[in-house]
Amino acid sequence: MRREAPDRDFYTAMRDLNLEFLRLLVRCRYHSCAMAFGLDAAVHERLVRLAAEQLEAIAATPCLLAGLPEATDRPAQAAAEPRPEAGSPCVADRGVFIAGLLTYASQMVRRDPLRAALCAGPGLERAIAGLRFREIHAYARHTRPRLEARFCRHPRFWPELVAAAREGAFRRLELVRLSAIQLAVEEMAPSCGTRRLPSREQLLFLR
């Protein structure tokens with residue numbers, strides 16, 4: 001049976017989620033929230049200064065830019081995790097965003113598990129594996145401290161992504177966005193060598 005290509009709504013929803021996550025990063029930085037989403041402070045600060053159209057360009061990355069590392073498929077365990085700072089105005093926003101992220105990922109898994117693993121990442125995929133729909137919002141509230149920028153542990157991905165968007169280097173930005181595909185594949189098979197951004201030739205092949 002031939003696998004169908006992703007429909008336009010699939011990419012539109014993913015781009016919208018990426019853009020909402022970027023806006024959340026900006027809001028939390030403005031409010032001086034303690035949570036840095038795994039990003040280096042200097043990179044986070046440069047991201048905040050980007051214009052709306054530059055954020056939209058980053059949001060077109062062909063993978064989700066938000067992640068839940070070390071997620072558990074047992075919602076009851078989340079209650080023991082540390083709670084985010086109570087006075088932060090971004091706390092509720094993080095919970096709402098995670099609920100939307102989990103809902104989108106659960107729909108992806110039902111439609112195409114392989115694509116879900118690639119676009120959402122193994123951590124998010126594991127998070128929804130044991131969740132029923134009615135549990136999503138409760139789980140989202142408890143996992144707010146774990147929300148982070150996906151690939152934030154890669155030394156070059158976010159710095160280069162933000163720099164290319166800021167400089168208006170569209171070809172460079174396209175290459176960095178495409179590098180997320182290789183990083184996503186390496187997420188699925190972490191034992192396959194050290195992480196590095198792909199060469200220009202490799203990225204052109206992925207187009």
Side-chain angles (χ1 to χ4, degrees), residues 12-72 75 78-106 119-124 126-128 131 136-167 173 176-177 180 183-184 187:
T12 298
M14 186 163 61
R15 185 184 64 236
D16 290 347
L17 269 173
N18 282 342
L19 184 58
E20 185 54 39
F21 179 63
L22 294 170
R23 289 170 174 168
L24 178 61
L25 293 179
V26 171
R27 289 197 300 273
C28 287
R29 187 68 177 176
Y30 275 137
H31 290 298
S32 301
C33 294
M35 186 178 183
F37 300 91
L39 292 176
D40 176 80
V43 175
H44 200 170
E45 184 61 36
R46 288 194 289 272
L47 176 69
V48 168
R49 297 176 182 176
L50 294 180
E53 60 270 20
Q54 293 169 325
L55 292 177
E56 290 175 1
I58 290 177
T61 300
C63 292
L64 287 173
L65 291 173
L68 290 173
E70 300 177 2
T72 174
E81 296 175 2
R83 294 180 180 275
E85 59 278 11
S88 169
C90 297
V91 170
D93 287 350
R94 291 198 292 258
V96 170
F97 175 81
I98 293 173
L101 186 67
L102 292 169
T103 301
Y104 173 73
S106 65
C119 294
L124 188 57
R126 286 193 297 271
I128 62 176
L131 279 179
I136 285 179
H137 286 278
Y139 186 78
R141 288 195 299 271
H142 289 301
T143 53
R144 289 177 298 200
R146 287 211 313 260
L147 180 64
E148 71 174 23
R150 196 171 172 203
F151 314 129
C152 64
R153 292 170 184 79
H154 191 285
R156 292 168 50 200
F157 178 74
W158 279 94
E160 292 193 8
L161 188 65
V162 172
R166 183 182 59 184
E167 296 165 11
L173 177 60
V176 180
R177 286 189 309 217
L183 294 179
E187 264 188 343

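- Between R144 atom CZ and C90 atom SG the span is 11.5 Å, to the nearest 0.5 Å.
- Here L131 contributes atom CG and H137 contributes atom NE2; the two are 11.5 Å apart, rounded to the nearest 0.5 Å.
- No donor-acceptor pair under 3.5 Å is formed between the side chain of R46 and the backbone N or O of A163.
- Residue A165 comes nearest to Q54 through the heavy atom pair O-NE2, 3.2 Å, listed as atom of the first residue, atom of the second, then distance.
- Nearest heavy-atom pair, A140 versus G95, reported as atom, atom and distance to 0.1 Å: CB-O, 3.5 Å.
- A salt bridge links R153 to E148: one of the charged nitrogens lies within less than 4.0 Å of a carboxylate oxygen.
- A distance of 9.0 Å separates CG in L101 from CD1 in I128, rounded to the nearest 0.5 Å.
- Not counting sequence neighbours, the partners of F97 by the ring-ring contact (aromatic ring centres under 6.0 Å, His included) test are F21.
- The minimum heavy-atom distance between L183 and H154, with the atom names listed, is CD2-CD2, 3.6 Å.
- A donor-acceptor contact shorter than 3.5 Å links the side chain of R177 to the backbone of A57.
- Without hydrogens or angle criteria, H44 side chain to L25 main chain gives a donor-acceptor distance under 3.5 Å.
- Closest non-hydrogen pair, R94 versus C28, comes out as NH1-SG, 4.1 Å.
- A 4.5 Å side-chain heavy-atom check between F37 and L65 finds every atom pair outside the cut-off.
- At a threshold of 4.5 Å between non-hydrogen side-chain atoms, the residues N18 and I58 do not count as touching.
- What you find for W158 and C152 is that their closest heavy atoms are CD1-CA, 3.9 Å.
- You'll find the side chain of L22 stays beyond 4.5 Å of the side chain of L50, heavy atoms only.
- A66 and L147 make their closest contact through CB-CD1, 4.1 Å (heavy atoms, listed as atom of the first residue, atom of the second, distance).
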message: Show, in sequence, the C-alpha distance, side-chain angles and deciding distance for L64 and Y104, and conclude whether the side chain to side chain contact (heavy atoms under 4.5 Å, CB included) test is met.
response: CA-CA 11 Å; L64 287 173; Y104 173 73; 4.1 Å; yes
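- Rounding to the nearest 0.5 Å gives a distance of 4.0 Å between OG1 of T143 and CD1 of I98.
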